[in-house]
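Before any comments, here is the structure.
Since we're looking at a predicted model, the values are computed, not measured. Residue numbers run from 1 in the order of the sequence given. Numbering of ligands and ligand atoms starts at 1, following listing order.
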Amino acid sequence: MPIDATQPYDDQNIFAKILRGEIPSTKVYEDDWAYAFEDINPQADIHTLVIPRGAYVSWDDFSAKAPDAEIGGFIRAVGEVARMKGLVEPGYRLLANIGQHGGQEVPHLHVHIFGGKPLGPMLIAR
Ligand code: AMP
């Protein structure tokens with residue numbers, strides 16, 4: 001069930017538990033601002049998730065409330081993970097689902113990094 005992106009932050013969400021080390025994840029990268037790990041149900045040859053360490057429900061919450069340094073650190077981390085994965089030359093796709101129409105399932109901001117082969121159309125044809 002997609003979440004309501006306007007809901008308050010719930011620190012029992014699964015990505016908050018991953019950040020606290022309460023449930024396992026396959027770590028790809030971490031720094032002061034972000035943590036990256038492999039998606040448990042990959043939708044492409046490469047499917048990595050990058051999340052901010054801060055408590056933000058969605059891209060909306062983050063872009064409205066996070067300090068500039070945190071926004072900068074998170075965006076740089078997304079770029080760093082893509083470089084680490086060798087995705088710059090072949091290309092890749094970023095995706096952030098927000099709320100009901102976006103199909104967001106986990107109420108902690110996450111950016112999907114997809115790559116590894118041509119990814120096809122941006123959206124399913126209407
Ligand atoms: P979204 O629909 O944008 O909220 O995407 C949530 C993503 O989180 C999906 O691609 C799931 O496969 C992924 N996911 C859910 N639980 C885990 C987990 N424990 N470890 C890694 N990825 C997860």
Near Asp68 CG, under 6.0 Å, is it more than 12 heavy atoms from other residues, nucleotides or ligands?
no
Are Phe37 and Phe15 near enough that their ring centres are under 6.0 Å apart?
yes
ILVMFWY clustering at 4.5 Å (side-chain atoms), partners of Tyr92:
Val28, Tyr29, Ile46, Val50, Tyr56, Trp59, Phe62, Ile71, Phe74, Ile75, Val78, Val81, Met84, Leu87, Leu94, Ile98, Leu109, Val111, Ile113
Donor-acceptor contact present, side-chain Glu105 to main-chain Asn97, <3.5 Å:
no
Donor-acceptor pair, distance only, cut-off 3.5 Å: does the side chain of Glu89 make one with the backbone of Gly91?
no
Compute the centroid of each ring, for His110 and then for His112, and state whether the two points are separated by less than 6.0 Å.
yes
Protein neighbours of ligand 1 with a heavy atom under 4.0 Å, given by chain and number, are Ile14, Phe15, Ile18, Phe37, Glu38, Asp39, Ile40, Asn41, His47, Leu49, Asn97, Gly103, Gln104, Glu105, Val106, His110, His112
